[in-house]
There are 2 protein chains.
Amino acid sequence: MSHTSRESRERSVPTSADVARLAGVSRATVSYVLNNASAVRISEPTRRRVRRAAEELGYVPHAAARSLRAGHSRMVLLPTAHVSACPPHSRFLDELQWALRGLDYTVVQYGSMGLDGDSAARAWAELRPAAVVSLGETVLTPHSVRLLKRSGVRAVITLGTRAVEGAHSLLMDQRQIGARAAEHLLERGHRRLGVIMPEEPGPGLFSELRLTGVRRAAEPHGATVRAVPLACEERAAEALAAGWRELGLDAVYAYNDEYAMLLMRALQDVGLSIPGDTAVIGADDLLLGRLLRPRLSTLRIDVVTGQYLAGLVDRAVRDPDGAPERHDVMATRVVRREST
Amino acid sequence: MSHTSRESRERSVPTSADVARLAGVSRATVSYVLNNASAVRISEPTRRRVRRAAEELGYVPHAAARSLRAGHSRMVLLPTAHVSACPPHSRFLDELQWALRGLDYTVVQYGSMGLDGDSAARAWAELRPAAVVSLGETVLTPHSVRLLKRSGVRAVITLGTRAVEGAHSLLMDQRQIGARAAEHLLERGHRRLGVIMPEEPGPGLFSELRLTGVRRAAEPHGATVRAVPLACEERAAEALAAGWRELGLDAVYAYNDEYAMLLMRALQDVGLSIPGDTAVIGADDLLLGRLLRPRLSTLRIDVVTGQYLAGLVDRAVRDPDGAPERHDVMATRVVRREST
DNA sequence: TTGAAAGCGTTACCAA
DNA sequence: TTGGTAACGCTTTCAA
């Protein structure tokens, strides 16, 4: 008897009612004090009593109860295909999250790996976030967007290669990246271009679009373009290098620096000179690209800042019925080093 | 008038009451059907009507309301210092998340960047998660643990270099890593060891411990150990390489592969041979280490699997009063290539 | 087999 | 300046 009561006391989480009881005031007063409500004036001694009581009990407000009552939350949900991402993505995420926190949002990342589009959207909707910001790893369908909106999500924003109906869309034109790579190689006098296509499923969408960009830029110059699949492993690179001469390419754009380094190493190992026999350019400007010899040329891709995106999120949440905006938000420039 | 009513209808999110109304049953029935309650028997036609109605309205349950009522949630909170992480961390996270989903938990990642320990813990506590799993990027104090427990968090688990009072602790002994590196270098006949210490703040704790490990392993053999600070930039590496001979080292363990590659490149550029003049070993077994010449020797660090951690989380949630467990969960082995 | 009602922790309105 | 009260959406016990 005394045991259960002691146990339940220990187990029980302090609520605002407990704080009120301890401070000798009503729950309403506690709420006013703890939220610094400006509408009502509470005497300073009362305020102190309430704060002291909250402190003493280790009271922490219950976010779910609050947003249930309020009818809306300040949660921004970032769905991620994997639960994590890598630079330069990560710096951007940090920025975004920082900026959103400054705007008083709670940022929460939700790994939706292994969920199909519909069940993922349902899972997000259950959390009733104020906004969902899809960073391009996850694909958002018009259907998911409708589902989310129906569930009270005030803003759906996508950052990716294409606009999604009903959502604000920040567009990153992947073709532009391929085009820049091609322009650079053409400028250097190359006319038989290869494009390394990752065999891994992740970048599939991107690499196809970048290839299109290369094609478009190359055609007017009468250059040929050849797609060359490659898995991100040493073995695969060796095999590719063994038959490289037969491909008859004089330059190659390799999706990103990782594939570029892999390929370059393999080509050198079969005696090819770079950029003499084949020029190589990657993308993302990784630090390690500067450590190889020749130093790897690359494409630097600048996307919109986290602050900018945070601003858009906030505006969209405040005006949920505003027409979806579309912006182009990517800039690509060539960083020429020694491999081209 | 008609305008506002239409608007509010459109705005309003369907609740279980709406489903009940449309299906012509009570809310209780809706809840039973949608949760497949086995305790009560509902007729098949009714079940169908309810499901149809839910479908038609696009009803999605409100997670906050549900867990408020239930008195507990199935949320597992993963605080992260940055909002993201990199391999091999990321694969582990994906595994963990996958396994937890299989156990019917909702995994949510919370970026606590720029929050001090106490406010971070408060922020987590507001969400009333069932468990908090700290992955070593964030530091958890006994005080935060108490705060979390007081707020109803059933399990607090840390994966890191040291145990935290009150929390289940999965220990990764960073000294072991340094020790393995040293043992390998000693075995190869080296006696004047350098240890690259990153100047970046991130790895500070880890690198100190690894250095200790090196020292402990080296002393019995009468080898000398020297800590050598290095920032992760080309310039810094060049400067270090310029004065390398004066250091009189015949081998170096470079924290991780990134620093190792950076250093190796710089040493080669000033005409030193590797491993002839100086042997170099890194850690993490990055793919790119295999692309350099000589190929970089490294330490492969295997941590516990995500499944294992998920199991521990589940057990801990089910038995919140169980004594905190402590496990050693890391294994390190040398991958010798050509740089040592 | 179904329905009514209570209650989870909050906050906002209205009275006192 | 403060307190009572209702309501947010959901589940579950008890009654019919």
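Just so it is clear, the model here is predicted, and its values are computed rather than measured. To find a chain, count down the sequence lines: A is the first, B the second, and so on, and within it residues start at 1.
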[atom1] of [X] versus [atom2] of [N]: gap in Å, rounded?
X	N	atom1	atom2	value
B/Glu126	C/dT11	CD	P	10 Å
B/Arg21	D/dG9	CZ	P	11 Å
B/Arg66	C/dG9	CZ	P	18 Å
B/Leu68	D/dT11	CG	P	11 Å
B/Arg49	C/dG3	CZ	C1'	14 Å
B/Asn35	D/dT11	CG	C1'	8 Å
B/Asp18	D/dC8	CG	P	11 Å
A/Arg47	D/dT2	CZ	C1'	13 Å

[N] phosphate, OP1 or OP2: any side-chain N/O from [X] under 4.0 angstrom?
X	N	result
A/Ser67	D/dC8	no
A/Ser31	C/dT11	yes
B/Ser16	D/dC10	yes
A/Thr29	D/dT1	no
A/Tyr32	C/dC13	no
A/Ser26	D/dG3	yes

Test item: side-chain donor near acceptor, B/Ser112 and B/Trp124, under 3.5 Å:
yes
Would you say the side chain of [Y] lies within less than 4.5 Å of the side chain of [X], judging by non-hydrogen atoms?
X	Y	value
A/Arg150	A/Leu147	no
B/Leu96	B/Leu78	yes
A/Arg52	A/Glu55	no

Starting at the 5' end of DNA chain C and moving along, which residue's nearest nucleotide shows up first, A/Arg27 or B/Val40?
B/Val40
Between B/Ala65 and B/Thr46, which is nearer to the 5' end of DNA chain C once each is assigned its nearest nucleotide?
B/Thr46
DNA chain D nearest-nucleotide lookup for B/Ala17 and A/Ser43: closer to the 5′ end is A/Ser43
Of the candidates C/dG3, C/dT10, D/dG9, the side chain of B/His62 sits closest to D/dG9
Among the nucleotides C/dT1, D/dT2, D/dG9, which one has an atom lying closest to any side-chain atom of B/Arg41?
C/dT1
Sole candidate of B/Val304, B/Leu309, B/Thr305 that passes side-chain contact (heavy atoms from CB on, under 4.5 Å) when paired with B/Gln307:
B/Thr305
Is it the case that the base of C/dT10 and the side chain of A/Arg69 share a donor-acceptor contact (distance under 3.5 Å, atom types as modelled)?
no
